[in-house]
Amino acid sequence: MNDVSKNFSELLSLRAAEIEAVLERLLSPSPAGEEIIRPPKLLAAMRHGVLNGGKRIRPFLVIEAARIFDADREAALATGAALELIHCYSLIHDDLPAMDDDELRRGKPTVHVAFDEATAILAGDSLLTLAFDVLARPQNGLDDTRKAALVFGLAQAAGIGGMAGGQGLDLDAEISAPDEAGIIRLQSMKTGALLRYACEAGAIVGNAVEEERDRLKRFGEMIGLAFQLADDLLDVTSDASQMGKATGKDAARGKGTLVGLHGVEWARNRLDGLVGEACVLLEPFGNRADTLRQTACFIASRES
Ligand code: GRG
């Protein structure tokens, strides 16, 4: 590992620890605000699905995008944590027998295996709701205009026209394989929408002007495509112990991916192209965007 990637990995771990401290507080046993009680088994399932060693790449993007604009640190952490709660809910539901039926996630038993299916469904529901609670709560350091923009953006990214809709298309794709445009659309909704939001949310927290916000959104879109392509590559080139989850599932299900359509060599070249296009978008930010540039490279070359 060279010095740049060593420093980057250290920064990623540092930010993950910062975000985990926030997540730990959000998932404490004490009721928050007007909540009555937090049922212990449900809370334990939520904690199992969240405090289990993810890379925390989405909150990392929020924090680092916000840093370009010298944004309020606490507000960026809260926004990143809200997004990670949505991501974790999606993984819990994705692993359910009715969806991907996985027993391993982040190297540990999935929530429905460690608890039960009904609890896993409720844990996902409660994390989804908690995310919006975190963005809307009075004491998170943001004015109402930015709160509304963050809530609106997250709802759009996570809902029917974003991640959940992408998951719906993914279920359809098992019955009838989409063409290339269909695969790209599905992926940009299922995986890309949250990554795009991560970058845009950082700009919102940082009070960026519209042109800058749009640039970060497009950067997020590019790295979203790269993220999914890297994931598809890992599905064919790595094993379960490396990934902490089952691999080879897409091919086994005959699910269309760009790697399946064009091959590994094409995918590696395309990844380089996407990283290049993403970095061009960051040019106006100069060296303030160096960490985001490194994130684009990390996403394309990640090994788990
Ligand atoms: C159930 C509504 C609903 C949506 C599920 C995100 C998703 C949609 C399913 C996950 C399936 C999957 C493996 C998608 C590929 C890309 C992806 C989201 C990988 C996991 O994200 P990482 O690598 O995971 O950031 P960690 O564990 O590091 O957080």
Side-chain angles (χ1 to χ4, degrees), residues 9 12-13 15-16 19-20 23 48-62 80-81 83-108 110-112 117 120-121 123-125 127-129 131 154-174 183 186-198 220 223-236 238 240 242-253 255 257-259 295 298-304:
S9 297
L12 195 56
S13 307
R15 297 276 177 259
I19 271 297
E20 271 156 32
L23 292 168
H48 183 96
V50 174
L51 302 168
N52 58 356
K55 293 183 290 297
R56 317 300 187 193
I57 195 79
R58 293 157 191 79
F60 183 83
L61 285 165
V62 176
L83 179 54
E84 185 68 13
L85 292 173
I86 297 270
H87 170 59
C88 295
Y89 124 70
S90 82
L91 297 180
I92 295 171
H93 281 191
D94 183 64
D95 290 334
L96 285 167
M99 298 236 192
D100 243 14
D101 196 9
D102 276 307
E103 300 198 336
L104 202 59
R105 169 69 64 185
R106 295 171 170 168
K108 300 193 179 76
T110 46
V111 176
H112 67 275
E117 268 183 59
I121 293 169
D125 294 342
L127 292 171
L128 167 61
T129 322
L154 186 57
Q156 295 253 304
I160 185 166
M163 180 185 69
Q167 182 78 346
L169 292 176
D170 200 48
L171 296 178
D172 294 344
E174 285 182 28
I183 295 172
L186 180 166
Q187 296 185 339
S188 68
M189 290 169 70
K190 181 178 141 178
T191 320
L194 289 197
L195 290 160
R196 185 183 69 180
Y197 174 78
I223 61 169
L225 292 173
F227 188 96
Q228 185 63 57
L229 199 51
D231 207 68
D232 293 343
L233 263 175
L234 286 167
D235 195 62
V236 295
S238 71
Q242 190 181 340
M243 292 294 280
K245 64 174 188 179
T247 56
K249 294 192 71 164
D250 293 345
R253 290 180 177 190
K255 216 184 243 182
T257 68
L258 296 182
V259 178
T295 315
F298 166 81
I299 279 176
S301 60
R302 72 199 169 94
E303 285 169 4
S304 71

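One-based numbering, in listed order, for ligands and for the atoms of each.
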message = Is the contact between Asp231 and ligand 1 made by the side chain, the backbone, both, or neither, using heavy atoms and a 4.0 Å cut-off?
response = side chain

key: Side-chain donor-acceptor contact under 3.5 Å, Gln187 with Asp231   = no

query = For ligand 1, which atoms have a heavy atom of Ile57 less than 4.0 angstrom away?
reply = 25 (O)

ask   = atom 1 (C) of ligand 1: which of Ser90, Ala16, Gly159 has the nearest heavy atom?
value = Ser90

ask   = Rounded to the nearest 0.5 Å, what separation is found between the CD1 atom of Ile57 and the CZ atom of Arg15?
value = 12.0 Å

ask   = Quick one: does His48's side chain get under 4.5 Å of Ile92's, heavy atoms only?
value = no

ask   = For Arg58 and ligand 1, does the shortest N/O to N/O distance drop below 3.5 Å?
value = yes

remark   = Within 4.0 Å of some non-hydrogen atom of Phe227, the atoms of ligand 1 are 16 (C), 17 (C), 19 (C), 21 (O), 22 (P), 23 (O), 25 (O)

message = Please evaluate residues His93 and Leu128 with respect to the criterion side chain to side chain contact (heavy atoms under 4.5 Å, CB included), reporting the C-alpha separation (whole Å), side-chain torsions for both, the decisive distance (0.1 Å), and the verdict.
response = CA-CA 11 Å; His93 281 191; Leu128 167 61; over 6 Å; no

message = If the cut-off is 4.0 Å to any non-hydrogen atom of His93, which atoms of ligand 1 fall inside it?
response = 1 (C)

remark   = Tested for side chain to side chain donor-acceptor pair (under 3.5 Å) against Arg105, the lone hit among Thr110, Asn52, Asp95 is Asp95

request  = State, yes or no, whether a side-chain contact exists between Leu169 and Lys190 at a heavy-atom distance under 4.5 Å.
outcome  = no

Check: Arg56 N/O within less than 3.5 Å of ligand 1 N/O = no

message = Can you check which of Gln187, Gln167, Lys55 brings a heavy atom nearest to atom 23 (O) of ligand 1?
response = Lys55

Heavy-atom nearest neighbour of atom 29 (O) of ligand 1 within options Glu84, Arg106, Arg105 = Arg106

request  = Taking only heavy atoms of Tyr89 into account, list the atoms of ligand 1 that are under 4.0 Å away from them.
outcome  = 2 (C)

task = Taking the side chain as every heavy atom from C-beta outward, state whether Arg106 and Cys88 have any atom pair closer than 4.5 Å.
result = yes

